[in-house]
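Below: the structure, in structure tokens.
Quick note: numbers below take in every heavy atom, side chains included, and nothing from hydrogens, waters or symmetry partners. Residue numbering restarts at 1 for every chain, and letters A, B, ... go by the order of the sequence lines.
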Number of protein chains: 2
Amino acid sequence: MNTCSYIADQDVSTETLFELSEFFKFFGDTTRIRIIQILLSGENSVNEIAEKLSLEQSVVSHQLRILRTANLVKPRRDGRKMFYSLDDDHIGMIFNTGLTHILHKKKGK
Amino acid sequence: MNTCSYIADQDVSTETLFELSEFFKFFGDTTRIRIIQILLSGENSVNEIAEKLSLEQSVVSHQLRILRTANLVKPRRDGRKMFYSLDDDHIGMIFNTGLTHILHKKKGK
DNA sequence: GCGATGTATGAACAAGTATTCATGTTTTCA
DNA sequence: TGAAAACATGAATACTTGTTCATACATCGC
């Protein structure tokens, strides 16, 4: 028995599993995952994110709104700029767990 | 600096981030996450899964196909039955990491 | 107040996707 | 061999969702 499955072995309600899938959806989009990766290194303004990703400001704003509504990021206003940062310590962990899997798979090839 | 971000701090290619988001998409569906949860406790046949989830066999088969193509589950034939199991140890870990987040959030309320 | 900068939002469109229903395939057993 | 069981698959439909474009909102310096 490995230590990774102790939670899953317990009863989990269908509603919780639904929320879990909804939660993973936030990571299931290229734009959002790239935004999250940028925020892993710290606070960024909307325009900074847009420039780093070569995306329109509108696209970034829309996705930030989704992440904000889900409490994955939190905004901070400084003058005209809005700085966003990750709102939850778990986010980096989940990101890394997934990334480890991907890199591990690539290595295996 | 916490130990969770050491990977993210490194350079990650846009393509890898794309693959990462594609990977998370598999977890971003209620039906698939429920199937995964069942398989966490071990091998199950298609009909067993369908019955446990009160879903049509066709629905389960379609989703298993997606998970199989992504190498998240692997099939084993025994007579007329097909038994599916998780193909990768990381899956349980990712599932639990997300679940931990959800349960933690619920607790906080 | 006014223009400029930075950001948010609404509507429309396009693309992707999960489910349904019907049918096809494989295997077993009589 | 033929029927039934177990599963897979294809097409159609309905739904969701990301992007685009235009526009609105908020803040700063003048």
Rounded interatomic separation in angstrom, taking CG from A/L67 and C1' from C/dA8: 15 Å
Expected output: side-chain B/E48 to main-chain B/S45 donor-acceptor under 3.5 Å: yes
Heavy-atom check, side chain of A/F23 versus side chain of B/H101, under 4.5 Å: yes
Presence of donor-acceptor pair under 3.5 Å, side chain of B/H62 and base of C/dT17: no
Sugar-phosphate, base or nothing in reach of A/F83, heavy atoms under 4.0 Å: nothing
CZ (B/R76) with more than 12 external heavy atoms under 6.0 Å: yes
B/V60 vs A/E56, nearer the 5' end of DNA chain D by closest nucleotide: B/V60
Main-chain N/O of B/K25 paired to B/R32 side chain as donor or acceptor, under 3.5 Å: yes
Footprint string (nucleotides 22-30 of chain C, 5' to 3'): B base within contact, S backbone only, - free, heavy atoms under 4.0 Å: B----BB--
side-chain contact (heavy atoms from CB on, under 4.5 Å) between A/K105 and B/N71, intermediate numbers included: CA-CA 10 Å; A/K105 253 180 52 186; B/N71 291 314; 5.9 Å; no
Sugar-phosphate, base or nothing in reach of B/I66, heavy atoms under 4.0 Å: sugar-phosphate
C/dT7 OP1/OP2 closer than 4.0 Å to side-chain N/O of A/N47: yes
Shortest non-hydrogen separation from B/L86 to B/L40 and the atoms involved: CD1-CD2, 3.4 Å
Heavy-atom contact window of chain A on DNA chain D, given 5' to 3' at under 4.0 Å: D/dT17 to D/dC28
Heavy-atom closest contact (A/L99 atom, B/L20 atom, distance): N-CD1, 3.5 Å
Chi angles and distances behind the side chain to side chain donor-acceptor pair (under 3.5 Å) call for B/T97, B/T100: CA-CA 5 Å; B/T97 308; B/T100 301; over 6 Å; no
Side-chain (A/R68) to main-chain (A/A70) donor-acceptor, under 3.5 angstrom: no
Length of the NZ-P vector between B/K25 and C/dG16, whole Å: 9 Å
Proximity to DNA chain C (any heavy atom under 4.0 Å), residues of residues 28-35 of chain B only: B/D29, B/T31, B/R32
Shortest non-hydrogen contact from A/V46 toward A/S61: CG1-OG, 4.0 Å
Whether B/F24 and A/F27 hold their rings parallel, tilted or perpendicular, with breakpoints at 30° and 60°: tilted
